[in-house]
Colleague: 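First, the structure itself, so that you have it in front of you.
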Amino acid sequence: MLDVLKAINFADREPTLSHRFGVFFLAGGIVPNPIDLRFQKVSGISTDVQLETINEGGENLHAHRMPKMMSYNNLVLERGYVASAIPSPLNLEFNASFSLFKFNPSDVLVTLFNEEGIPIGGWLFVKAYPVKWSVSNLDAQSNSVAIDTMELAYTRFQILRI
């Protein structure tokens, strides 16, 4: 009986490690891109509420701070630069955006996995599209991996907990 109580005691849960994740670009909202899913780092997962300050006539002790709208940072994805015989759909999409100024927003799912590789949560970024692409400095005196950095803007995101 004690084992059962301990198993359901949520206070004893260990925090999840952040190094087990996948990034899935969902074509048509459902089919994940099978090539572009491994990234070294994901950042920019944050949101905040913009506030509007309203002063009330005759009230000098405080002003009313009211929610105005949501604000989102860009989703930043980093991965090693890889040359491959199979073209990357993500690279093709970025090229179309930056060369032809054609944007095709899609949903992006960032999934966090436990030690067994089972999804335990994530974030769904709705209508994401590229806004920045950069490559790390090329340095003949360094022996480091070239890094592609891709930034995506999006309409909103949803937090997913399993």
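Heavy atoms only: backbone and side chains are in, while hydrogens, waters and symmetry mates are out.
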Colleague: Grouping I, L, V, M, F, W and Y whenever their side-chain heavy atoms are under 4.5 Å apart, do V145 and V42 come out in a common cluster?
Modeller: no
Colleague: Can you tell me how the ring of F39 sits relative to the ring of F25, calling it parallel under 30°, perpendicular over 60° and tilted otherwise?
Modeller: tilted
Colleague: Would you say L160 and L109 make side-chain contact, with heavy atoms under 4.5 Å?
Modeller: yes
Colleague: For F98, give me all partners under ring-ring contact (aromatic ring centres under 6.0 Å, His included), at least two apart in sequence or on another chain.
Modeller: F94
Colleague: With sequence neighbours excluded, tell me which residues meet side-chain hydrogen bond (donor to acceptor under 3.5 Å, both in side chains) with E56.
Modeller: H64
Colleague: Report the distance from atom CE of M69 to atom CG of L51, rounding to the nearest 0.5 Å.
Modeller: 12.0 Å
Colleague: When clusters are formed from ILVMFWY side-chain contacts under 4.5 Å, directly or step by step, what else is grouped with I54?
Modeller: M66
Colleague: Please give me the minimum heavy-atom distance between P67 and V49, naming the atom from each residue.
Modeller: CB-CG1, 3.8 Å
Colleague: Between G80 and Q40, what is the shortest heavy-atom contact and its length?
Modeller: N-OE1, 4.5 Å
Colleague: Using a 4.5 Å cut-off between side-chain heavy atoms of Ile, Leu, Val, Met, Phe, Trp and Tyr, which other residues end up in the same hydrophobic cluster as Y129?
Modeller: F101, F103, V131
Colleague: Quick one: ring-ring contact (aromatic ring centres under 6.0 Å, His included) partners of F21, sequence neighbours excluded?
Modeller: none
Colleague: Nearest heavy-atom pair of K127 and T155: which atoms, and what distance?
Modeller: CB-OG1, 3.3 Å
Colleague: Are I147 and L138 connected in a single hydrophobic cluster, I mean Ile/Leu/Val/Met/Phe/Trp/Tyr linked by side-chain heavy atoms less than 4.5 Å apart?
Modeller: no
Colleague: Once side-chain hydrogen bond (donor to acceptor under 3.5 Å, both in side chains) is applied, what residue pairs with a partner in residues 65-77 remain, sequence neighbours excluded?
Modeller: S46-N73, N74-E151
Colleague: With side-chain contact (heavy atoms from CB on, under 4.5 Å) as the test, pick out the partner of V23 among L90, V108, L75.
Modeller: V108
